[in-house]
Amino acid sequence: MEGIGLIRDLIREKIKGALKDLGKDYEFKVEIPPEGFGDFSSNVAMVGTRHFKRPPREVAKDLVDRLRGEEFESIEIAGPGFINFRVSKELLQRVVRGVLDKGREFGKKDIGHGLKVQFEYASANPTGPLTVAHGRQIVIGDTLVKLYKELGFDVENEVYLNDAGRQISLLAYSLWVRYNELFGIENEIPEDGYRGEYLVDVARKLKDEIGDKYKGVWNDEVEAFFKDYAVNEMLRWMKKTFEKMGSSFDNYFSERSLIEDGTVNEILKYFKEKNLVYEKDGALWLKVSEFIDEDDKVLIRKDGTPTYFMTDIAYHYNKKMRGFDRVYDIWGSDHHGHIPRMKVAMKALGFPDDFLTVILHQFVTLKKGGKKLRMSTRAGRFITLDELLEEVGGDATRYFFARIDPSKPLDFDIDLALKQSSDNPVYYVQYAHARISSLFRQAKEKGIEFKNLENVDLLSNDHEREVMKRLDTFEDVLLEAALYYLPSRITSYLEDLAHSFHMFYTHNTILDSSNPDLSNARLNLSKAVQIVIRKGLSILGVSAPERM
RNA sequence: GCCCCUGUAGUUCAACGGAUAGAACGGCGGAUUCCUAAUCCGCAAAUGGAGGUUCGAUUCCUCCCAGGGGCACCA
């Protein structure tokens, strides 16, 4: 991927120019090397052995001769053929000026050109409380939404409510049983019904509202009422949890509405016209096998109800009709098998291949007594997101999930999570931010005036250089996080940046009344760090406190 | 059986095909008359196993082992 850091961009351009002089043009990298190998490093000579048909160090020598200039204090060839650059302090200072100049806008890019995209996540059966597993998905989704906005996409997010299936009938009946219990009427909650205590609370509320109106009565009308009531209550609960999480959605989309408003029938009509469906055993099947090496799938059951697959196709058709250019679905790994079928359905509808992207994340498992268990709402085996938020707080919860690569399974050990909550690295990053705020308060007290963008040319020692280098890579980090769907890129970066700042802070006196110019220079650097930390944390949905 | 994801210090996580595999917590030992010690400095400690591709592999390929998930007229 092309880098966009100020300095790395410049080095890249220089190298490209040198290659052009030698009649070559190929891909190479510029990156920050391990300590002791200069500020920036390129593998251009090693990659070049293929193109030049000469040993890397010889290629490097030719290039280095053409690269020397005032931007670089030194250029060295090292190891197997790396070209290591030590850049001038003027170049590093340009980064600080760039950050300060753009302020809050730093990091913004227009890569999306207003492309209309949608992220769908946290979609859940509205049958119980959100669990910590949902928390993981919310954080991944929220972070990507903020990132894509930052990168110039026109973004909306949405929750899909599976309010149409059999599970809703079970929920309604389970609630009805709980409601009747309040009148001393005992009925069994079915084997796969919902036994959680929360339905007792909902039943009490319902009794307060309607009294004994549905006592002992169960028919289609009553079922419809209990479905609506239960789903509504679950939805209200979900929204409250989202709010506690610092999360919000532009839209809540009902699966049921797709059946009721005729979207499902519209698509069936289209598929029939295109001869993509057939009847067998009383059900209606989609000819998936005509597209890929998989079995055909049922769209309409023999009892006439649509399958989840059917409504999901209708849902994505609806998204397309709403004008989204691209949609991103964040699903748990148990939906993995659903992807190829959905891709086929999109193709059958004539949508472009890149219309639907599915971002999968592995499961959150519960550790209990050394044993791993899948969380299950139905079995009542879960830790609610509310509990976690209550105990650990929103910032630590969000940061905890953001650090973990979506492709990795997550063993959730509640005791460990609580115990480590005060050790959460989020505080390390936030502390750097608070320290900087404190510096500015102190500066005022000491009568040191902060002059934005002035004295930056005084920044030159090793700690200062280290911080400036880190600042330069922020924009790259955002791009990578967005492109690879990896919030963890941002957390890693922030921890690095915070570390370089803490080091700088410990080893240098920033506020020195006898040297106002140098103090101001260091305040400018601190300010730049603060801007970047705040931006990074805000993309993660984490607060940036002024004091800690 | 077939398909997908994962295996890195005691623990939780990083590492764009690159140089000495980074942090944090935990362990051991240090630093504060001065801007917040939620910090800094030092020590011990890791790529599941076997092959292969490459100048170079934690990263790509094959096999094995281990964990998770999927293979419904459930969602």
Side-chain angles (χ1 to χ4, degrees), chain A residues 1 3 29 31 33-37 41 43 46-47 49-50 55-56 78-82 84 123-125 127 162 164-167 192 255 280-285 294-295 297-303 305-312 332-340 360-363 365 372 374 400 403-411 413 416-417 419-420 422-428 430-432 434-443 445-446 448 476 480 484 488-489 491-493 495-496 498-499 501-503 505-512 519 522-523 526 547-548:
Chain A
M1 176 180 33
K29 284 189 255 171
E31 54 201 4
E35 227 180 304
F37 296 105
S41 170
N43 66 347
M46 276 134 59
V47 181
T49 49
R50 276 204 301 279
F82 286 101
N84 295 334
S123 296
N125 291 334
T127 53
N162 302 121
R166 204 177 71 95
Q167 78 281 1
D192 42 4
E255 179 184 3
K280 193 182 92 184
D281 303 332
L284 192 71
W285 300 68
E294 271 200 35
D295 295 340
K297 293 287 298 176
V298 169
L299 293 176
I300 304 293
R301 301 184 188 99
K302 67 180 165 206
D303 69 2
T305 59
T307 59
Y308 170 76
F309 182 41
M310 177 68 242
T311 51
D312 215 20
S333 57
D334 57 338
H335 282 56
H336 173 261
H338 192 54
I339 299 174
L360 277 190
H361 66 87
Q362 292 300 307
F363 259 96
T365 48
K372 285 182 192 173
R374 262 281 297 285
F400 173 79
R403 290 183 90 222
I404 298 164
D405 187 330
S407 72
K408 301 217 174 183
L410 168 57
D411 296 330
D413 185 329
L416 198 66
K419 192 172 130 277
Q420 288 193 343
S422 59
D423 304 325
N424 192 307
V426 71
Y427 302 117
Y428 184 83
Q430 287 182 322
Y431 185 54
R435 260 188 159 173
I436 294 168
S437 296
S438 168
L439 277 176
F440 279 88
R441 289 191 297 268
Q442 286 286 326
E445 273 176 35
K446 292 193 175 184
I448 297 172
D476 256 9
E480 286 180 11
Y484 302 124
S488 63
R489 287 291 164 88
T491 57
S492 298
Y493 171 80
E495 287 164 39
D496 282 348
H499 179 64
F501 177 78
H502 284 309
M503 238 161 45
Y505 180 97
T506 306
H507 298 287
N508 296 274
T509 303
I510 294 167
L511 301 175
D512 178 359
S519 298
R522 289 177 171 165
L523 279 174
S526 303
R547 292 169 203 273
M548 285 174 75

Subject >> Interatomic distance where CG belongs to A:D295 and P belongs to B:G70 [whole Å] >> reply: 18 Å
**OP:** Return yes if some donor-acceptor pair links the side-chain N/O of A:S492 with the main-chain N/O of A:R489 below 3.5 Å, else return no.
**Re:** no
**OP:** Let me know the distance between CG of A:D496 and P of B:A24, rounded to the nearest Å.
**Re:** 10 Å
Original post:
Is A:D303 touching bases, backbone alone, or none of the nucleic acid, heavy atoms closer than 4.0 Å?
Top reply: nothing
**OP:** State which of B:G18, B:G68, B:C73 makes the closest approach to the side chain of A:T307.
**Re:** B:C73
Original post:
What are the two closest non-hydrogen atoms of A:H336 and A:L360, and how far apart are they?
Top reply: CD2-CD1, 3.5 Å
**OP:** Write down the distance between CE (A:M46) and C1' (B:U54), rounded to a whole number of angstrom.
**Re:** 12 Å
Original post:
Do the rings of A:H502 and A:Y428 sit parallel, tilted or perpendicular, given the 30° and 60° boundaries?
Top reply: perpendicular
**OP:** Ignoring the backbone of A:K297, work out which of B:A75, B:C35, B:A72 is nearest its side chain.
**Re:** B:A72
**OP:** Both distances under 3.5 Å, Watson-Crick or G-U wobble: on that basis, could you give the dot-bracket string for RNA chain B, with [ ] for crossing pairs and | for other-strand partners?
**Re:** (((((((..((((....[...)))).(((((.......)))))....(((((..]....))))))))))))....
**OP:** Could you list the residues that satisfy side-chain hydrogen bond (donor to acceptor under 3.5 Å, both in side chains) with A:T311, not counting sequence neighbours?
**Re:** A:E255
Original post:
What nucleotide, of B:C35, B:G18, B:G69, holds the atom closest to the side chain of A:V47?
Top reply: B:G18
Subject >> Touch class at under 4.0 angstrom, heavy-atom based, for A:I510 against every strand present >> reply: base
Original post:
Can you name the closest pair of heavy atoms from A:R166 and A:D192 and give their distance?
Top reply: NH2-OD2, 2.9 Å
Subject >> Euclidean distance, atom OH of residue A:Y484 to atom P of B:A15 [Å, nearest integer] >> reply: 12 Å
Subject >> Atom-to-atom span, NE2 of A:H335 to C1' of B:A72 - whole angstrom >> reply: 13 Å
Original post:
Toward the 5' end of RNA chain B, which comes first, A:D281 or A:F37, by nearest nucleotide?
Top reply: A:F37
Distances under 3.5 Å only, N/O to N/O: pair up the protein atoms with those of nucleotides 2-6 of chain B.
{"residue": "B:C4", "atom": "O2'", "partner": "A:H336", "partner atom": "NE2", "Å": "3.4"}
{"residue": "B:C5", "atom": "O2'", "partner": "A:Q362", "partner atom": "NE2", "Å": "3.3"}
{"residue": "B:C5", "atom": "O2'", "partner": "A:S407", "partner atom": "O", "Å": "2.6"}

Subject >> Minimum-distance pair of heavy atoms, taken over all atoms of A:T127 and A:Q167 >> reply: CG2-CG, 3.9 Å
Subject >> Touch class at under 4.0 angstrom, heavy-atom based, for A:P55 against every strand present >> reply: nothing
Original post:
Could you state the NE2-P distance from A:H338 to B:C73, rounded to the nearest angstrom?
Top reply: 14 Å
Please produce a list of atom pairs where a protein N or O lies less than 3.5 Å from an N or O of nucleotides 39-42 of chain B.
{"residue": "B:U39", "atom": "O2'", "partner": "A:R435", "partner atom": "NH1", "Å": "3.1"}
{"residue": "B:U39", "atom": "O2'", "partner": "A:T506", "partner atom": "OG1", "Å": "3.4"}
{"residue": "B:C40", "atom": "OP1", "partner": "A:Y428", "partner atom": "OH", "Å": "2.4"}
{"residue": "B:C40", "atom": "OP1", "partner": "A:H499", "partner atom": "ND1", "Å": "3.2"}
{"residue": "B:C40", "atom": "O4'", "partner": "A:T506", "partner atom": "OG1", "Å": "3.4"}
{"residue": "B:C40", "atom": "O2'", "partner": "A:H507", "partner atom": "NE2", "Å": "3.2"}

**OP:** Compare every heavy atom of A:I436 with every heavy atom of A:S526, then report the nearest pair and how far apart it is.
**Re:** O-CD1, 3.4 Å
Original post:
Who are the side-chain contact (heavy atoms from CB on, under 4.5 Å) partners of A:A434, not counting sequence neighbours?
Top reply: A:M548
Original post:
Has A:F82 got its ring stacked on B:A19, by the test of a centre gap below 5.5 Å and a plane angle below 30°?
Top reply: yes
Subject >> Non-neighbouring partners of A:D303 that pass side-chain contact (heavy atoms from CB on, under 4.5 Å), sequence neighbours left out >> reply: A:R301, A:T305
**OP:** Confirm from the modelled atom types if A:N84 and B:A19 form a donor-acceptor pair under 3.5 Å, side chain to base only.
**Re:** yes
**OP:** May I ask you to say what A:A432 touches in the nucleic acid, namely base, sugar-phosphate or nothing, with a heavy-atom cut-off under 4.0 Å?
**Re:** nothing
Subject >> Side chain of A:S41 (C-beta onward), nearest among B:A19, B:A75, B:C13 >> reply: B:A19
Original post:
What distance, rounded to whole Å, do you find between the two P atoms, one in B:G18 and one in B:C35?
Top reply: 43 Å
**OP:** Would you mind telling me which residue lines up with the more 5' stretch of RNA chain B, A:E495 or A:A283, judged by nearest nucleotide?
**Re:** A:E495
**OP:** Among the candidates B:A75, B:G18, B:A72, find the nucleotide nearest to the side-chain atoms of A:N162.
**Re:** B:A75
**OP:** Please state the P separation for the pair B:C5 and B:U59 - nearest whole angstrom.
**Re:** 15 Å
Original post:
If the P atom of B:C28 is compared with that of B:G68, how far apart are they to the nearest Å?
Top reply: 35 Å
Original post:
Which value, in whole Å, describes the distance between the C1' atoms of nucleotides B:A19 and B:C55?
Top reply: 13 Å
**OP:** Could you pull out the closest heavy-atom pair between A:V298 and A:A283, with the gap in Å?
**Re:** CG1-CB, 4.2 Å
Subject >> Ring geometry between A:Y505 and A:F501 (parallel below 30°, tilted from 30 to 60°, perpendicular above 60°) >> reply: tilted
**OP:** Would you tell me if any nitrogen or oxygen in the side chain of A:R489 comes within less than 4.0 Å of OP1 or OP2 on B:A15?
**Re:** yes
Original post:
If you measure from the C1' atom in B:G56 to the same atom in B:G52, how many Å do you get, rounded?
Top reply: 15 Å
Subject >> Integer angstrom distance from the P of B:A75 to that of B:A57 >> reply: 49 Å
Original post:
Taking the P atom of each, how far is B:A46 from B:A9, in whole Å?
Top reply: 9 Å
**OP:** Examine distances only and state if a side-chain atom of A:S519 and a backbone atom of A:D512 form a donor-acceptor pair shorter than 3.5 Å.
**Re:** yes
**OP:** For A:N43 and A:K29, indicate whether the former's side chain and the latter's backbone hold a donor-acceptor pair under 3.5 Å.
**Re:** yes
**OP:** With heavy atoms under 4.0 Å as the rule, sort A:T509 into base, sugar-phosphate or nothing.
**Re:** base
Subject >> Rounded interatomic separation in angstrom, taking CG from A:L299 and C1' from B:A75 >> reply: 15 Å
Subject >> Touch class at under 4.0 angstrom, heavy-atom based, for A:L410 against every strand present >> reply: sugar-phosphate
Subject >> C1' spacing across the pair B:U11 / B:C71, given as an integer number of angstrom >> reply: 35 Å
Original post:
Just how far is it from atom NZ of A:K297 to atom CZ of A:F309, taken to the nearest 0.5 Å?
Top reply: 7.5 Å
Original post:
Starting at CZ of A:F400 and ending at C1' of B:A24, how long is that distance when rounded to a whole Å?
Top reply: 13 Å
Original post:
Okay, side chain of A:T307, backbone of A:I300: is any donor-acceptor separation there less than 3.5 Å?
Top reply: no
